[in-house]
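Proteins get letters first, then strands, A, B, ... in listed order; numbering begins at 1 in each.
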Protein chains: 2
Amino acid sequence: MSQKKPVTVRDIADAAKVSRATAARALNGYGYVGDDTAVRVQEAAARLGYRGNRVAQALRQGQMPIVGFVPGDIQNPFFARIAHDLDGALRPTRHSLMIASSEESIEQEREVVDSLRSLNVRGLIVAPASADDTGHLVALVNEGVPLVIIDRMARDVPCSSVTVDNEGGAREAISYFVSNGHRRIALIHDDSRIVTARERLGGYVDALTGHGLAVEERLIAVSQSTVESTIEAAIRLFSQPEPPTALLTVDSLMTTGALLALRSMGLSVPHDVSLIGFDDFDLATFTDPQITVVSQPVARIGAQAVKLLQDRITGTGEPEATRFPTRLIIRGSVGKPGGQPRR
Amino acid sequence: MSQKKPVTVRDIADAAKVSRATAARALNGYGYVGDDTAVRVQEAAARLGYRGNRVAQALRQGQMPIVGFVPGDIQNPFFARIAHDLDGALRPTRHSLMIASSEESIEQEREVVDSLRSLNVRGLIVAPASADDTGHLVALVNEGVPLVIIDRMARDVPCSSVTVDNEGGAREAISYFVSNGHRRIALIHDDSRIVTARERLGGYVDALTGHGLAVEERLIAVSQSTVESTIEAAIRLFSQPEPPTALLTVDSLMTTGALLALRSMGLSVPHDVSLIGFDDFDLATFTDPQITVVSQPVARIGAQAVKLLQDRITGTGEPEATRFPTRLIIRGSVGKPGGQPRR
DNA sequence: ATGAAAGCGCTAACAA
DNA sequence: TTGTTAGCGCTTTCAT
């Protein structure tokens, strides 16, 4: 059985004995329409179950009522939350949200951006997989496509952005470690989120040197933002002769991975290793002890992104960069150094 | 600055000095096209950066290369995972996935289904918010829209579905409680997912009576599938004079809520209360003790849904119901009853 | 092998 | 106030 033919303006125009133009006017409530005519049309529409064809409308107007969202990974609770907020903020504007994850791959990001572009979406909200490989995003802006970048920066893309103070957050975390007596402080960060990672790395280096501590290559590990990859990175880090006594991870998936790795190595938190994670998450309060985190104002990011996108769509003013502060939430995963790792 | 005019077939036809028809043929590789002409067209397309207009194509063919997905809540890790898998399974077919959450509201489900419908999506994958209020889904099927229902059943909708053996899973969980000596076994389930909940409830009742135990109203609580709502439900349950000694929850968000509630009441797992959750999740292995769960083969659900949807799209055979088995993963959250709740 | 032309469903400029 | 008409970009007969 093939799809039934949907009812069109023509159908309801015929039913209401008016022209298609009049029917369209009555349906969309613009221009001059006689009261009784309007009623007749509305009735016919209701009776026949007229639904309108957004594709035809979009072709006519050159734009789909859709906003594209390109997260790094929809399974990351951070992005799932943002997607949820975006959807909610967009609904009153009668736009749909189309989510197409880049899976943290720059090739796939190019692909999905292109795909969204060919759909004539109204605008794009992207968490760039790379900070440097941004040609496709620049092209977007040059073509006049409204674009807002979130969570991460992208070099030389003249568009609005919503990010958090990664550097300050990392600095605060490191200072907290130092004030607890730690000297060998490790960092696991995510290469793909280059700028974000670079900023958090920057804060790390900054704080360390600020406290007169050396920055050791061997204490800085790179991992993908997945639980599995982070487990490996953490195991490498803590298998060294003089392992770190403290660890900062840059997102919640990585914090989860670190936790699993430490447990598998028989290292207890915070007795053997102190831990701070970037980005607060459910899990953080379920572990024993609970995890100290650098939290981001995640609830505000989606709303702000939509606001900035709307400004872009209506052409209001210049691109605008929003940067939210972070907050160190102290729980129980940081202690004094000195526990002996058991083998 | 407004959007630049994208290049159209007409542009490349002009550039290659052929008609639009020929250009289209060369671009899409069908019909007869001279070899040299084809090359000229391809070159022109590449040079001008032709991208095609999926909206116009869709209008022409009556369908958008999009599959709609309506989860109950994209923030639920279960659905986030499914969305991820769906996206991956769809990509090779050159279809995009459009996610529009129902937020577990039947009104919103109707709204987003309608919205997706007016976009002429190729097919729909829905986790119905209600098992009984299914008129809009039935209408969809009658109109010939390919539809696959996942996770939950919906009464009287003649379409394919992918679900798990909720009843068997619940039965197995309850039997495990009973074999550990429990007699007062509580259930918190989700009213909105009526059939799923009913099935899990069915398994609960079945197992209880099978073991010669009475089914007590006061041990069955209804909650929404959110952490907050479940906390309240659990507190009500365990504030009774003779509180339950064991608890089964029907999804991971609810398990999380139960855990938080028990902790806030000073009840320890499994000393005071034994706990089993439906649906395995990260958190389950981070708590101390780890949580025993009824796991679903989540990795297979998305792939199977896409397969069934494709069958529907190509009109292959009749609608088909897939039901996956569950598996009880025994960890440490079930003990013998007899601990005294502390106040 | 190629071109001319129609039309998907809709909206809006223009006419009446 | 309403109708006529053109055309968004594309594909696909049908003719050449």
Side-chain angles (χ1 to χ4, degrees), chain A residues 2-42 44-45 48-66 94 117-122 143, chain B residues 2-42 44-45 48-66 94 117-122 143:
Chain A
S2 66
Q3 307 219 180
K4 254 198 222 151
K5 237 198 192 72
V7 317
T8 70
V9 255
R10 169 164 234 138
D11 296 328
I12 82 125
D14 291 352
K17 312 246 184 265
V18 293
S19 72
R20 285 181 278 148
T22 304
R25 277 189 285 254
L27 257 11
N28 303 314
Y30 70 94
Y32 298 97
V33 194
D35 289 351
D36 40 342
T37 322
V39 173
R40 258 201 350 271
V41 172
Q42 303 286 7
L48 302 185
Y50 175 72
R51 193 184 273 113
N53 181 329
R54 280 162 83 199
V55 177
Q57 292 171 346
L59 176 60
R60 186 63 231 272
Q61 341 219 326
Q63 302 224 287
M64 283 294 257
I66 292 180
R94 319 271 319 141
R117 181 87 195 80
S118 70
L119 263 181
N120 291 350
V121 297
R122 206 70 212 291
E143 286 173 36
Chain B
S2 66
Q3 306 219 180
K4 252 196 221 153
K5 237 197 194 70
V7 319
T8 70
V9 257
R10 168 163 233 138
D11 296 329
I12 81 126
D14 290 352
K17 311 245 185 267
V18 293
S19 71
R20 286 179 275 149
T22 304
R25 277 189 284 255
L27 256 11
N28 303 314
Y30 70 95
Y32 297 99
V33 193
D35 289 351
D36 40 343
T37 323
V39 173
R40 256 198 354 269
V41 172
Q42 304 286 8
L48 302 186
Y50 175 71
R51 193 185 271 114
N53 182 330
R54 279 162 85 201
V55 178
Q57 293 170 346
L59 177 61
R60 188 60 230 272
Q61 344 216 349
Q63 301 223 286
M64 282 295 256
I66 292 180
R94 320 272 315 142
R117 181 88 196 77
S118 69
L119 262 181
N120 290 351
V121 297
R122 206 69 212 291
E143 287 172 37

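- For T22(B), a side-chain nitrogen or oxygen approaches OP1 or OP2 of dG3(C) to under 4.0 Å.
- No donor-acceptor pair under 3.5 Å is formed between the side chain of D14(B) and the backbone N or O of D11(B).
- The nearest heavy atom of DNA chain C to V7(A) and to R25(A) marks one nucleotide each, and the one closer to the 5' end goes with V7(A).
- The base of dG9(D) is not paired with the side chain of R54(B) by any donor and acceptor separated by under 3.5 Å.
- Taking the side chain of Y50(A) as heavy atoms from C-beta on, and the options dA1(C), dC10(C), dT2(D), the nearest nucleotide is dC10(C).
- Closest contact between the side chain of V18(A) and the listed nucleotides dG3(D), dA1(C), dC10(D) involves dG3(D).
- D11(B) places its CG atom 9 Å from the P atom of dG9(D), with the value rounded to the nearest Å.
- Of the two residues near DNA chain D, Q61(A) and Q61(B), the one whose nearest nucleotide lies more 5' is Q61(A).
- The S19(B) side chain lies nearest to dA4(C) when the options are dA4(C), dT12(D), dG3(D).
- Spacing between atom CE of M64(A) and atom P of dC8(D) amounts to 19 Å, rounded to whole angstrom units.
- Residue T8(B) places its side chain closer to dG9(D) than to any other of dT2(D), dG9(D), dC10(C).
- Note: CD (Q57(A)) to P (dG7(D)) measures 21 Å, nearest angstrom.
- Residue L59(B) has its side chain nearest to dG9(D) when only dT1(D), dG3(C), dG9(D) are considered.
- The local environment of CZ in R10(B) is sparse, with at most 12 non-hydrogen atoms from other residues, nucleotides or ligands closer than 6.0 Å.
- At distances below 3.5 Å, at least one donor-acceptor pair connects side-chain atoms of R40(A) with backbone N or O atoms of A16(A).
- In the set dT2(C), dG9(D), dA12(C), dA12(C) carries the atom at the smallest distance from any side-chain atom of A21(A).
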